[in-house]
Every structure is written in C-alpha cells, then in structure tokens.
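As a basis for the values below, the full set of heavy atoms in this structure was taken, side chains included, without hydrogen atoms, waters or symmetry mates. Both ligands and their constituent atoms are indexed starting at 1 by order of listing.
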Amino acid sequence: MDKPFARPLLGFAAYSGTGKTTLLEKLLPLLRAQGLQVSYIKHSHHKVDIDKPGKDSYRLRQAGASQVLLASAKRWALMQETTEGSDEPRLAELLQQLDPSQCDLVLVEGFKHESIPRIECQRQTLMQQHGRPAFYPDDQHVIALATDSPIQTQRPIPCLDLNQPPEIVQFILRWMGRDTTRKEPMNNDGLISVAEAQQRIRDSLEAISGFERCSLQDAYGRVLAEAVTSPINVPGYVNSAMDGYAINADDLAKQTALTVVGQALAGVPFEGEVKPGQAVRIMTGAMLPTGCDTVVMQEQTMREGDSLQIQGEHRMGANVRQIGEDIAANSPVLPAGRRLQAADLGLLASLGIAEVAVRRRLRVASFSTGDELCSLGQALGPGQIYDSNRYALYGLLREMDVEHHDMGVIRDDPTAIREAFKGAAAIADVVITSGGVSVGDADYVKQILDELGEIGFWRIRMKPGKPLAFGRLGQALFFGLPGNPVSSMATFQQIVKPSLRHLQGEIDTTASSLKLRTVSRLKKRPGRADYQRGILENDAEGELVVRSTGPQGSHILSSMSQANCFIVLPAECGDVEEGAIVEVQPFSML
Ligand code: AMP
Ligand code: MG
C-alpha cells in the first residue's frame, strides 16, 4: 500500500469544452492570494512529451537514458520513462514525486477512476446539446457542482457558480477547514450553523467535577470518572480452547501411541504432572496440566482403552489459550469518559472489579412556558393545548441518565417566571425551558432572562428549530428551546444533547451518520439545514434505505414519533429526488 499523501487532493471533472482549465487558471491566483501553495497533476494522453526533438535532453533520452533531469535557475523538470507497455500511472505513485512541504493543496485533472473528492464542472448547454449525463449521481466522490446555470440536483450537493471563481475558492477553503468567512456568515442573515452553535457552546463548557463510587449495576449508563486498568490477567491460567487431549508436543515425533493418565475439566484440574509418553483427556476451559503444552482436538485422535493414537500434524501450543491473551494485568481496559454499556459491565466483572468511579449525575431542571398550556388531567379550555414538551423532554433526559427536576408549566407572568428561573438555577447544573424564545413571544421570558443572567438569543440555520436561547443563569447553564414540539426535540437532540454529554464528562460526543438512498422525494427550500424525520428500513433486496415520515411541519409531533432517524440535508440544497444518497442520523447513534 502506498502511504496516503499528506495534503488534500481535489479533483476537477468535466466534459471537454466545459472550460475546466480556464477555471483552474482563475482559481490558482485566488488560492495563492489566500497564502496557499498549490500543486497540479494532470493526466494526459499516452505519448505526451514536454521535450523538443533535436534538443540535447531529447537526443539523450532517445539514446537510452531512463531518467532525464533538465535544470536551470528558474525551474527543473524530471522526465521519467515508463517501461514499454506500462499501465496507466496511479495517482498514489505519482504523488510520491511531490514535496508536501511545498504544497497545501493538490488540484487534479483527469484520473476520474481514482477515489478522490472532486468538483464536477458543468456547462448546461454543452450537456444538453450532446445529451451527456452528469457524473455526480453515480460518482459519490463528487462533493460539489460548479455549473453555469442553476439546476435541480438529484442528490443534496452544493451547487456553485462556474462563473464565480471566488465562490468556488470559498467552498474549497471551507472544505479544507480554512474557512475565512466563518465568523461572518456568507449570506449575512444573522443565522448561525448547527456546527457553529455546538462549537460556541462547547467552548464555554467544562465537564462537571465530582464523582462517586458505585456498584456495577448502578454504573450502567454512567460516565467513568477514571480510567480502569486490569488488576489481573485474563485468562488467568493456561487452558484448553478445545475438547480433546493435552499432550507434550515433543512426544509427537517420538511416540506412536500415548497413554491417557487422567482428565482435566473446567474448574476441576488434573492433579500431578504428565510425563513423556502420557496424555490427559481435557475439556474446553480446563487448566492445562503441568508437563503439557499442546491440545489435540478429539476428532484427530483414536482411542482404545488408555491408548491414544494421534493423527495429522500438530503445532506446539495449538488450541491452548495463554495467560493474559485477552487482557494482560495492568493494561488499560476502559478510558475515563466512557459511558458504560452492557458489555463494559461484563468486562469489568470478568476482571473481578465490583465498583467503579463515575461522574456524579448532572442535575437538570426543566419547565415549559406558555399561557396556552394545560397539564394532563385537566380539561382543555378554549385555545389551550396539552403540554407535550414536558413529557418528550422527560423521555429525552431519561435516556441520558441525569437527575431530572421536572418543574411543570410556568405561566407567561413576570413574577412566576422570575421565581421559577431563580429556583431552577439554585438546584441545577443546567436549566432547560421550552417556548417563549421566538420573536414576538410574551417578552417576559427574555426580559427576565436578561435581568437574571447572561443569555444570548440565537437564530440557528436549522429546520425545524431556529430560535435557541443559551447562556448562564446564576451558576447554571441555560438552554431555552423553541416551543414547537418537533423543533424543541430536534434542537435538544442536535444541540443540547451533545452539550450535556460533554458536561457529563463523556469523551466521544460526536454523532455518527450513514449515507443511504432515499426512497422518498424530499421537499426542501435552500437556506437552512433540514433535519427531516425519516424511517430506516430494508427494501425488497435487503438494502438499508430511508423513507420520509411525510409532512414535515414543526408542529407535527407524530412525525417524530414514527421516525427512527433524522435525514440531514445541507443548507444549500434544494429538493432531493427519490433515489438520491442522503445523510442519515439514526436516533440510536445520536
Ligand atoms: P413559542 O415558542 O412559545 O412561541 O411556541 C411556539 C408553538 O409551540 C406554539 O404553537 C405553542 O403553542 C407551542 N408550544 C409551546 N410550548 C409547548 C409545549 N410545552 N407543548 C406543546 N406545544 C407547545
Ligand atoms: Mg409561548
């Protein structure tokens, strides 16, 4: 395997006549102006030659030099002859010729079968005239389109303007993680991205200190406060991996038949020493008797009375589990910051560990705000609805193993809100509310948050969602979720949940996602990132695909209940056609 080249590679794919080289010519000075050193690799026709007939270098190459290095004060070029009948050059091999210290980015033309990210350039008239298909529907390596007129894409993919090289450069910089415009969103609409909101919150958080020791049963789902190393070897003694006979491998060459002198069972070892010419009947997990080093499967033996014939070839140490083979004493087993799962409890038990140190439970207080909210058990008055957020939030927090103080509903009344906020902040590490954070809401919530704490009101480029209040209320962190039931759940899952996990001291809080085919057409307006509700299922061929739950209004809570995943569609993309590949976050992976 070739070592991967340590700099980003970005390909450009297009039909000839699209103006790819002209575009690259415009991108290069812009990239240079950003302080980037850019290298360029182009695949060419097989007879390509940069030399000129009659020149010394040309003549000597003709005469048989396999490498010719032509050098001057301005530049040098190495010409490497390939052997007659060579295959097409592979990109990984060619990249070895480049010096990573002299380049930040490699632009690649051609090499369309290599697995590298690429931008597809399209000139619509050219494609229509010649009836040429786009590459990106089949080529998952295409990360963006650059087209001369807007099109409806078949999968969610950024669409750049082919005639706006600065826009393409911005995209490349962001793709390289060098976004210079991040602090000022490109379309200055005052909205921030989900990633930015997560980052801002993360930057202002520190995990709670304080831990407690608890039994394995009580540690399930909690976060380890300190790393665990193994106090013992597992296995703790040499034992058999098979049912068969324990022997000494030296005997295999010397003896034709061995004498069976006893048996070893799991938990009942053979007492005494096995001498040359002897064997012991042994069961899986039984301790290997002294004098033996190998186990022969019973299927490869013939036994008559106490006499044992061994068939076939056997390696010394075969079918024997060595001490510490699974876990060696003093080796690391689980890191601090690990949320304990079922297998972890089993693993700890296998080491004889009965108690572990876990972070103390995070204390979370929550309430719903709104005059229209009616508690369960009461009759709905005109214009009233039941408080569903309270229960959805209860479930979401339950999954996270926090100490939850559910404070019910607070009326849109300044005194009640002030008292509730103060009370919550006094008992909790985190206060979460729903409702009352959008524009035009009963302004008391904002007014009192301003009076009691430092709260920012953010508009997030996500749908459902958008408004979120975040800040500090006394010693507590404060999250104000939007009121719409789907928005409040989605905002919780995307923004609050990773923050709580971080506060709980968990080390790995990134959500995993899948790329899957959608079997539904997905309606979307460009602008905000959509977290549409989806159902993961197997199609007739057994392939995992995703389907929409249907209407996606932020008040349609049944969509959230039917769903088992979010379909994440990037801000820039528009409608997504059936069959397109989309990003999916299973709820179980959040
Ligand atoms: P708000 O963010 O307070 O303006 O509320 C936006 C929408 O969500 C309104 O239709 C509210 O009635 C609804 N809503 C607010 N809080 C809740 C809640 N706890 N349960 C159900 N719906 C709510
Ligand atoms: Mg309200």
>> Checking Gln198 against Glu196: is there a side-chain donor and acceptor pair closer than 3.5 Å?
In response: no
> Is Arg360 paired with Glu212 through a side-chain N to carboxylate O contact shorter than 4.0 Å?
Replying inline: no
>> If the threshold is 4.0 Å, N to carboxylate O, is there a salt bridge linking Arg517 and Glu543?
In response: yes
Within ligand 1, which atoms have a heavy atom of [X] less than 4.0 Å away?
X      : value
Ile385 : 12 (O), 21 (C), 22 (N), 23 (C)
Asp387 : 18 (C), 19 (N), 20 (N)
Gly436 : 1 (P), 2 (O), 3 (O)
Ser368 : 19 (N)
Asn484 : 6 (C), 7 (C), 8 (O)

> For the ring-ring contact (aromatic ring centres under 6.0 Å, His included) test, which of Phe367, Phe470, Phe421 pairs with Phe478?
Replying inline: Phe421
>> Could you go through Gln493 and Gln585, starting from their C-alpha distance and side-chain angles, then the distance that decides it, and tell me whether this counts as side chain to side chain donor-acceptor pair (under 3.5 Å)?
In response: CA-CA 11 Å; Gln493 281 167 310; Gln585 288 179 341; over 6 Å; no
> For Gly483 and ligand 1, does the shortest N/O to N/O distance drop below 3.5 Å?
Replying inline: yes
> Is ligand 1 less than 4.0 angstrom away from at least one heavy atom of Gly370?
Replying inline: no
>> Please list all pairs meeting side chain to side chain donor-acceptor pair (under 3.5 Å) that have one or both residues in residues 414-426, counting only residues at least two apart or in different chains.
In response: Arg418-Glu451
[X], portion touching ligand 1 at heavy-atom distance under 4.0 Å:
X      : result
Val409 : neither
Ser388 : both
His555 : neither

> Are more than 12 heavy atoms from other residues, nucleotides or ligands located less than 6.0 Å from atom OH of Tyr391?
Replying inline: yes
